[in-house]
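Values below: all heavy atoms of this structure, side chains included; hydrogens, waters and symmetry mates excluded. Convention: sequence-line order gives letters A, B, ...; per-chain numbering from 1.
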There are 2 protein chains.
Amino acid sequence: MDRITRDTVLDTAMRLVMESGIENLSMRKLAAELGVAVTSIYWHVGNRDVLVDQLVDRVIAEMGAISVDGSTPVERVVSIARSTRRKILERPHLVGLVRERGLESLMMLPARKALVHEMTAAGLRGARAGEAVQAVQYQVAGFVMLERALENSAAEPPAVDEWRAELARDDAELADSLSNVTDGDRLFVLSVRALVESLLG
Amino acid sequence: MDRITRDTVLDTAMRLVMESGIENLSMRKLAAELGVAVTSIYWHVGNRDVLVDQLVDRVIAEMGAISVDGSTPVERVVSIARSTRRKILERPHLVGLVRERGLESLMMLPARKALVHEMTAAGLRGARAGEAVQAVQYQVAGFVMLERALENSAAEPPAVDEWRAELARDDAELADSLSNVTDGDRLFVLSVRALVESLLG
DNA sequence: CCACCGGTGTAACAGTGTTACAGAGCAACC
DNA sequence: GGTTGCTCTGTAACACTGTTACACCGGTGG
């Protein structure tokens, strides 16, 4: 009957998630790993939902402050976006975690404060600034989510394959680049810069 | 012992999903609704995964062709994006469906062909064109997913609330617009147009 | 000593996807 | 007609899941 604490529960849960993904985390497995009965977990944590919430909070907090580089407002915002993307990609389990809990969490990343700061520094005020912040966060979060989802995407249905074969006769390089992104970072920076330039212009 | 077919199974499953969401669709409920045993469903459909796959295919096929308006390439691509967004928002269950199955499906929407057409018509070739198509689809899909997720987002943690209160002293309108997007369509079109102008420029 | 309380364990409930197996009904062939 | 074979359905189970009612144990305060 080793005593456990809320922290040891979260630690072990985090370890299990990092080892085999959120989809393989169950209360019973967690209890077994802790050498304890399920009820203890419920006593300390309360719920599976709050457990996952706590894990998300941990990962986001652990991401720490994002770096802001560049002299012009556009470059500074782009660097925020880039740093955010890098930090998310460094934590593969975060995407699974967030996808189970809801994508809302991605919007309260540390990046949000930095973005607000930069937008107001660039002269944007009120709803205009708020929308700009959201637009950038939408783009970053959406891009990274899809990027990781498509990374390990399964085989495509015959109809799509057929279409691509037909397309390949006209432009083989195009057809090929549609199946896998060659340089995600370049595309990402390109997209974000385009958006930000328009928002701040 | 009423005989069922693969189509009646999919029809009923679709109805159940539209009524109470994908998260409330179970093989047993579906069987009960059909007045049949679970094994029959497995015989006709095979699996829960392929069932959901079929549902996604149905919804996407049902979306039909997307409309392309505008005279300039930029306006035509923007109209594709806008039409895609509208069609997705018109089908609330699609987001849940796609979120359970994986976001990959969103990338083979009818829009893909139309985008390829427009990009090549605008003079883009090879990897450049492929990346442009993907960039637009990333932005559209990411935007809509997050838009719907944030729509019914729960209360935020105290820390975030506190920060917003502090922010509200400087710029109340900004703080307010950060919690809910006032005009999603305007922000969407703004973002997409910015991206497309840069991609085609 | 005894009562309380934080923490744990047992065992169950209700639900999930999935399948081994036994049949029913029907068509085709000998 | 009898028999075989195929399609489809039903029973019952396996191995899970999250969650909880309830009993219990160990220590601390009165």
Side-chain angles (χ1 to χ4, degrees), chain A residues 1-58 93 95-102 104-105 152 154, chain B residues 1-58 93 96-102 104-105 154:
Chain A
M1 63 173 67
D2 296 0
R3 290 293 173 84
I4 62 176
T5 66
R6 187 186 172 93
D7 275 338
T8 63
V9 173
L10 293 179
D11 288 344
T12 320
M14 196 69 237
R15 186 167 54 78
L16 290 185
V17 167
M18 288 195 295
E19 281 173 13
S20 46
I22 179 70
E23 66 274 11
N24 283 66
L25 175 73
S26 80
M27 306 302 263
R28 283 182 175 81
K29 284 181 191 165
L30 179 53
E33 191 74 21
L34 286 161
V36 107
V38 267
T39 38
S40 295
I41 301 178
Y42 280 90
W43 199 94
H44 284 285
V45 177
N47 213 340
R48 186 179 195 272
D49 281 350
V50 325
L51 197 163
V52 178
D53 273 343
Q54 296 295 323
L55 294 186
V56 173
D57 286 352
R58 278 203 166 196
H93 47 283
V95 174
L97 226 46
V98 159
R99 213 166 108 174
E100 164 156 338
R101 271 309 294 155
E104 306 88 355
S105 344
N152 33 345
Chain B
M1 63 172 68
D2 296 1
R3 290 295 172 82
I4 61 176
T5 65
R6 188 185 171 93
D7 275 338
T8 63
V9 173
L10 292 179
D11 287 344
T12 321
M14 196 68 237
R15 186 167 54 79
L16 289 185
V17 166
M18 289 194 295
E19 281 173 11
S20 48
I22 178 71
E23 65 274 10
N24 284 64
L25 176 72
S26 81
M27 305 303 263
R28 283 183 175 79
K29 284 181 193 166
L30 180 53
E33 191 74 20
L34 285 161
V36 108
V38 266
T39 39
S40 296
I41 301 178
Y42 280 90
W43 198 93
H44 284 285
V45 177
N47 213 339
R48 187 178 195 273
D49 282 350
V50 324
L51 197 162
V52 179
D53 271 343
Q54 296 294 323
L55 294 186
V56 173
D57 286 352
R58 279 202 167 197
H93 46 284
L97 227 46
V98 159
R99 212 165 110 177
E100 163 156 339
R101 269 307 293 155
E104 306 88 356
S105 345

TODO: Can you see which heavy atom on B:V38 is nearest to which on B:M27, and at what distance?
DONE: CG1-O, 3.7 Å
TODO: Report which part of the nucleic acid A:L51 touches: base, sugar-phosphate, or nothing (heavy-atom distance under 4.0 Å, all strands).
DONE: nothing
Task: Spacing of A:D49 atom CG relative to D:dT17 atom P, expressed in whole Å - done: 16 Å
Task: B:R48 side chain near C:dG17 phosphate (N/O to OP1/OP2, under 4.0 Å) - done: yes
TODO: Work out which heavy atom in A:A37 is nearest to a heavy atom in A:A31; give both atom names and the distance.
DONE: C-CB, 3.8 Å
Task: Positions of residues 31-45 of chain B (non-hydrogen atom under 4.0 Å from DNA chain D), listed by number - done: B:V36, B:A37, B:T39, B:S40, B:W43, B:H44
Task: Out of D:dG18, D:dT17, D:dC14, whichever nucleotide has its closest atom nearest the side chain of B:R28 - done: D:dC14
Task: Distance in angstrom units between B:L30 CG and D:dT9 P, rounded - done: 13 Å
Open item on the list: Please determine whether a side-chain nitrogen or oxygen atom of B:N47 lies at a distance below 4.0 Å from atom OP1 or OP2 of C:dT18.
Closed with: yes
Task: Value in whole Å for how far the P atom of D:dT7 lies from CD1 of B:I4 - done: 16 Å
Task: 5'-most by nearest nucleotide on DNA chain D - A:G46 or A:K29 - done: A:K29
Let me have the donor-acceptor pairs involving side chains of residues 15-23 of chain A, under 3.5 Å, with sequence neighbours excluded, atom names and distances please.
from  : atom 1 : to    : atom 2 : distance (Å)
A:R15 : NH1    : A:E19 : OE2    : 3.2
A:R15 : NH2    : A:E33 : OE2    : 3.1
A:S20 : OG     : A:L16 : O      : 3.2

TODO: Please test B:R58 against B:D11 for side chain to side chain contact (heavy atoms under 4.5 Å, CB included), starting from the C-alpha separation and ending with a verdict.
DONE: CA-CA 10 Å; B:R58 279 202 167 197; B:D11 287 344; 2.6 Å; yes
Task: Length of the line joining A:R3:CZ and C:dG9:C1', which is rounded to integer Å - done: 13 Å
TODO: Starting from P on D:dA12, measure out to CE on B:M27 and report it in whole angstrom.
DONE: 20 Å
Task: Rounded distance (nearest 0.5 Å) linking atom CZ of B:R101 with atom CG of B:L51 - done: 11.0 Å
Open item on the list: Within this structure, what is the CG-CG distance for the pair B:L34 and B:L30, rounded to the nearest 0.5 Å?
Closed with: 5.0 Å
Task: Main-chain N/O of A:I4 paired with A:H44 side-chain donor or acceptor, under 3.5 Å - done: yes
Task: Divergence of helical axes at both termini of the helix from C:dC1-D:dG30 to C:dC30-D:dG1 - five pairs an end, 10° steps - done: 30°
Open item on the list: Quick check: closest heavy atoms across A:L97 and A:M14, and the distance to 0.1 Å?
Closed with: CD2-CE, 4.5 Å
Task: side chain to side chain contact (heavy atoms under 4.5 Å, CB included) partner of B:R48, the single match among B:V50, B:V52, B:V45 - done: B:V52
